[in-house]
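For the numbers below, each heavy atom of this structure counts, side chains included, while hydrogens, waters and symmetry mates do not.
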Amino acid sequence: MNMSDATDPELCPVCSTPYDSVSLHDRGLLVNLLDNERYRRVCFEPVERDGRPHVRFFHHTHEQVGADD
C-alpha cells in the first residue's frame, strides 16, 4: 500500500468532497467501516500506475461527510 502523493486531487474525484487521506493498492484488500471511529466513508477510484492496475482509496472522516457520530 502506498500513501498519498503530489498527484492526488484536492477533492475526491468520486464524491467531490474533501478527504483526510489517500491510499493506493495494487493487491487484494478488505474494507469494513461498520464501527470505524475515524472514517465514515471510503471512495474507490480505479487508476493505472506504471502500466499496472491499482485502486486509489479516498478516506473521508465523519465530519467531512456531515455524519453524526
Participant: Donor-acceptor pair, distance only, cut-off 3.5 Å: does the side chain of His62 make one with the backbone of Asn36?
Facilitator: yes
Participant: If every non-hydrogen atom of His60 is compared with every non-hydrogen atom of Pro18, which pair is closest and at what distance?
Facilitator: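 Minimum heavy-atom separation between His60 and Pro18: ND1-O, 2.8 Å.
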Participant: Working note: Thr17 + Leu11, criterion side chain to side chain contact (heavy atoms under 4.5 Å, CB included); need CA distance, chi angles, decisive distance, verdict.
Facilitator: CA-CA 5 Å; Thr17 60; Leu11 295 177; 5.8 Å; no
Participant: Partners of Phe57 by ring-ring contact (aromatic ring centres under 6.0 Å, His included), sequence neighbours excluded?
Facilitator: His25, Phe44
Participant: Answer whether the closest heavy-atom distance between the side chains of Leu24 and Val47 falls below 4.5 Å.
Facilitator: yes
Participant: Can you list the residues that meet the salt bridge (charged side-chain N to carboxylate O under 4.0 Å, His left out) rule with Arg52, with sequence neighbours excluded?
Facilitator: Asp26
Participant: Near Glu48 CD, under 6.0 Å, is it more than 12 heavy atoms from other residues, nucleotides or ligands?
Facilitator: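 Result for CD/Glu48: enclosed.
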Participant: State the OG-CZ distance between Ser23 and Arg56, to the nearest 0.5 angstrom.
Facilitator: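 Output value for this atom pair is 10.5 Å.
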Participant: Is there a side-chain contact between Pro13 and Tyr19, using heavy atoms and a 4.5 Å cut-off?
Facilitator: no
Participant: Suppose we screen for side-chain contact (heavy atoms from CB on, under 4.5 Å). Which residues come up paired with Asp20, at least two apart in sequence or across chains?
Facilitator: Arg38, Tyr39, Thr61, Gln64
Participant: Determine whether Ser21 and Phe58 make a side-chain contact, defined as any pair of heavy atoms from C-beta on separated by less than 4.5 Å.
Facilitator: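 No - every pair of side-chain heavy atoms lies 4.5 Å or more apart.
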Participant: Could you work out, with side-chain contact (heavy atoms from CB on, under 4.5 Å) as the rule, every residue matching Val14, not counting sequence neighbours?
Facilitator: Cys12, Cys43, Glu45
